[in-house]
Amino acid sequence: MENKERYIKALIENNGQLNELDLGERIQLDEDETREIIAQLLSEHRIRYEGKNVCKYSVVNKKRR
């Protein structure tokens, strides 16, 4: 899915500055689509929940997977 890859790339570039929904809006995704992508990426273990920054998710290093 093309939007998942766009979201991952935006998440890396974001560096925790925008929350996850604003980040989705920035790349022209609606809230429902953003939440669906987050759920898919979590289930694939490509992102993880951290809760430390404004953006609650971070990309999982390939080395850690």
Side-chain angles (χ1 to χ4, degrees):
M1 185 175 188
E2 179 183 320
N3 288 336
K4 280 197 305 189
E5 296 308 316
R6 285 181 37 221
Y7 191 83
I8 286 278
K9 184 176 179 183
L11 191 60
I12 292 168
E13 293 171 358
N14 180 46
N15 200 24
Q17 295 177 3
L18 294 174
N19 74 34
E20 54 278 358
L21 298 177
D22 289 341
L23 183 60
E25 279 184 22
R26 186 177 193 193
I27 60 170
Q28 300 172 346
L29 301 173
D30 64 23
E31 185 176 333
D32 293 333
E33 193 171 13
T34 301
R35 290 184 191 277
E36 183 179 326
I37 288 171
I38 290 170
Q40 290 173 3
L41 291 171
L42 283 168
S43 70
E44 295 170 4
H45 303 286
R46 294 182 68 191
I47 63 173
R48 67 175 172 255
Y49 180 82
E50 288 194 338
K52 295 189 251 183
N53 299 322
V54 174
C55 186
K56 306 290 186 223
Y57 300 93
S58 67
V59 177
V60 174
N61 258 341
K62 288 185 179 180
K63 292 179 183 177
R64 287 188 175 181
R65 281 199 266 173

Asn19 side-chain N/O to Leu21 backbone N/O, donor-acceptor pair under 3.5 Å: yes
Please, which pairs that meet side chain to side chain donor-acceptor pair (under 3.5 Å) have at least one residue in residues 32-42, sequence neighbours excluded?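 Non-adjacent pairs meeting side chain to side chain donor-acceptor pair (under 3.5 Å): Asn3-Glu33, Glu31-Arg35, Glu36-Gln40.
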Do the side chains of Tyr49 and Leu23 join up, straight or via other hydrophobic residues, at under 4.5 Å, putting them in one cluster? yes
Transitive ILVMFWY side-chain link Ile8 to Val54, under 4.5 Å: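 No, Ile8 does not connect to Val54 through the hydrophobic network.
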Measure the spacing between [atom1] of [X] and [atom2] of [Y] and express it to the nearest 0.5 Å.
{"X": "Lys4", "Y": "Arg46", "atom1": "NZ", "atom2": "CZ", "value": "6.5 Å"}
{"X": "Lys9", "Y": "Ile27", "atom1": "NZ", "atom2": "CD1", "value": "10.5 Å"}
{"X": "Leu41", "Y": "Glu20", "atom1": "CG", "atom2": "CD", "value": "12.5 Å"}
{"X": "Arg48", "Y": "Ser58", "atom1": "CZ", "atom2": "OG", "value": "4.0 Å"}

Write down the atom of Leu18, the atom of Cys55, and the distance for their closest heavy-atom approach.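 Closest approach of Leu18 to Cys55, heavy atoms only: O-CB, 3.0 Å.
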Looking at every non-hydrogen atom in both residues, tell me the closest pair between Ile47 and Tyr57 and how far apart they are.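 Smallest heavy-atom distance, with atoms named: CD1-CD2, 4.0 Å.
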